[in-house]
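Okay, so here's the structure we're looking at.
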Amino acid sequence: DSFTLNFVLIYFARSLSITTPEQMIEKAKGETAYLPCKFTLSAEDQGPLDIEWLLSPADNQQVDQVIILYSGDKIYDDYYQDLKGRVHFTSNDLKSGDASINVTNLQLSDIGTYQCKVKKAPGVANKKLQLTVLVKPSGTRCYIDGSEEIGNDFKLKCEPKEGSLPLRYEWQKLSDSQKLPTPWLTEMTSSVISVKNASSEYSGTYSCTVKNRVGSDQCLLRLDVVPPSNRAGTIAGAIIGTLLALVLISLIVFCCRKKRREEKYEKEVHHDIREDVPPPKSRTSTARSYIGSNHSSLGSMSPSNMEGYSKTQYNQVPSEDFERAPQSPTLPPAKVAAPNLTTYRYDTNGAIVGIDFVG
């Protein structure tokens, strides 16, 4: 039995082995993670050297992924798309016994178990490392929740925008005595400090530092505890200001509406204006003038030439002037002087044979 045990120990001492212990590595997002894998060879290891790195994602929903490979004196690093261009061997001579890699620009998706496998027949060895990617605290904001008045209760708050848990907080006073008020001492490592019955002694500049295992961040806060303000005056001022604003708005609306009405009225008046046009001549007046002129001509004619005249000139009076004469509206009778009347006498053929004047 002792002979067998010694043989086994000698065999493993002389065979290929990885000297790097298994370990857990924590790094911040965006940094570079160094994953060590150093090995030794024995005289019996005569085969070609093959080195393979595998990743078992933390979600356990994917099979092991080859992320980089060395075989036949060549390096292949484009197996895993998520790490393409971000994983490299640290040594230029892998046969020297160093198969360590760097993973650059770490992301949360890089979290998982990494396994280094080294083969040189007949020797075979592997080692696992656990990589955790954490987010540094950043974008930390300090602010006061409440009214900073003497006798009031309010809170001092410290909130990072991002950061992996667990987070630790530390408050400090940077001005005056640089000592935190005694009632706050129990909360100096909390993200929130509850201030009760504030006094002017609390005034000053404070800092809050947020830390986790991979980094820290800080913010500053200025606290000024002042006497209570005149709330009645403030409320009255707010009411007066609101009323004045309403009056001003009403005045503006009224002026706008008045201006629109005036513009509308001007447009309507402009369209109603028409140039004076003399009334059209009455066709009845035209006809009467026409007959009157003929009457004067007839007065100078003798009975011998009156027949031809009646058949020509009298028939030239436009009949449509009489037929289409516009009807005048009915007017109440008025007393007017009786006009001179002219009476025409006709023969059986319709020719004028005589004229009688009555006046």
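Nothing fancy with the numbering, it's 1 onward along the sequence.
Using a distance-only test at 3.5 Å, with no hydrogens or angles considered, a donor-acceptor pair links the side chain of Ser100 to the main chain of Cys37. Not one N or O on the side chain of Asn212 forms a donor-acceptor pair closer than 3.5 Å with the backbone of Leu167.
Residues Ser138 and Asp217 bring no donor and acceptor atom of their side chains to less than 3.5 Å of each other. For the residue pair Thr90/Tyr34, the side-chain donor-acceptor check at 3.5 Å is not satisfied. Between the side chains of Thr209 and Gln218, a donor-acceptor pair is found at a separation under 3.5 Å. Side-chain atoms of Thr104 and Thr32 include no donor-acceptor pair closer than 3.5 Å.
In this structure, Lys157 places its NZ atom where more than 12 heavy-atom neighbours from other residues, nucleotides or ligands lie under 6.0 Å away. Remark: Asp93 CG is packed, more than 12 non-hydrogen atoms of other residues, nucleotides or ligands lying under 6.0 Å away.
Across every non-hydrogen atom of Leu156 and Leu221, the tightest pair is CD2-CD2, 4.2 Å. Residues Gln46 and Pro122 approach most closely at N-CD, 4.5 Å, considering heavy atoms. Across all their heavy atoms, Cys158 and Val210 have their closest contact at SG-CG2, 3.7 Å. Minimum heavy-atom separation, Tyr202 to Asn197: CE1-O, 4.3 Å.
Both Leu129 and Leu94 sit in one connected hydrophobic cluster of ILVMFWY residues. Membership requires side-chain heavy atoms under 4.5 Å apart, directly or through other members. A continuous path of Ile, Leu, Val, Met, Phe, Trp and Tyr side chains, each step under 4.5 Å between heavy atoms, connects Ile75 with Ile101, placing both in one hydrophobic cluster. In terms of hydrophobic clustering, with Ile, Leu, Val, Met, Phe, Trp and Tyr side chains grouped at heavy-atom distances under 4.5 Å, Ile111 and Ile25 are assigned to a common cluster. A continuous path of hydrophobic side-chain contacts links Val133 to Tyr80 [ILVMFWY only; heavy atoms under 4.5 Å].
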Item to check | Criterion side chain to side chain donor-acceptor pair (under 3.5 Å) on Asp64 and Ser56, from CA distance to verdict | outcome: CA-CA 5 Å; Asp64 292 353; Ser56 299; 2.5 Å; yes
Item to check | Val118 vs Val124, side chain to side chain contact (heavy atoms under 4.5 Å, CB included): CA-CA, chis, key distance, verdict | outcome: CA-CA 6 Å; Val118 181; Val124 177; over 6 Å; no
Next on the checklist: Apply salt bridge (Lys or Arg N to Asp or Glu O under 4.0 Å) to residues Asp224 and Arg222 and explain how you reach the verdict.
Outcome noted: CA-CA 7 Å; Asp224 292 309; Arg222 176 65 191 179; 3.1 Å; yes
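When each of Trp184, Tyr169, Tyr143 is checked for a ring pair (Phe, Tyr, Trp, His ring centres under 6.0 Å) with Tyr206, only Trp184 meets the rule.
Aromatic ring pairs are classed by plane angle as parallel below 30°, tilted from 30° to 60° and perpendicular above 60°; the pair Tyr70 and Phe89 is perpendicular.
Taking CD from Glu149 and OG from Ser200, the interatomic distance works out to 13.5 Å, rounded to the nearest 0.5 Å. Summarising the geometry, atom CH2 belonging to Trp53 is positioned 10.5 Å from atom CG belonging to Leu55; distances are rounded to the nearest 0.5 Å. Separating the CD1 atom in Ile68 from the CG atom in Asp78 is a distance of 9.5 Å, to the nearest 0.5 Å. For the atom pair CG (Leu83) and CD (Gln107), the distance works out to 10.0 Å, reported to the nearest 0.5 Å.
Ion pairing of Arg213 with Glu26 is present here, as a side-chain N (NZ or NE/NH1/NH2) and a carboxylate O approach within less than 4.0 Å.
Applying the salt bridge (charged side-chain N to carboxylate O under 4.0 Å, His left out) rule to pairs touching residues 97-122 yields Arg86-Asp110, sequence neighbours excluded.
Taking Ile, Leu, Val, Met, Phe, Trp and Tyr as members and joining any whose side-chain heavy atoms lie under 4.5 Å apart, directly or through other members, the hydrophobic cluster of Tyr79 also contains Leu54, Val66, Leu69, Tyr76. Under the 4.5 angstrom side-chain criterion for Ile, Leu, Val, Met, Phe, Trp and Tyr, the cluster partners of Ile240 are Leu244.
Residues Lys136 and Glu31 meet the side-chain proximity criterion, which asks for heavy atoms closer than 4.5 Å.
Taken together, Cys208 and Cys142 fail the criterion of an SG-SG distance shorter than 2.5 Å.
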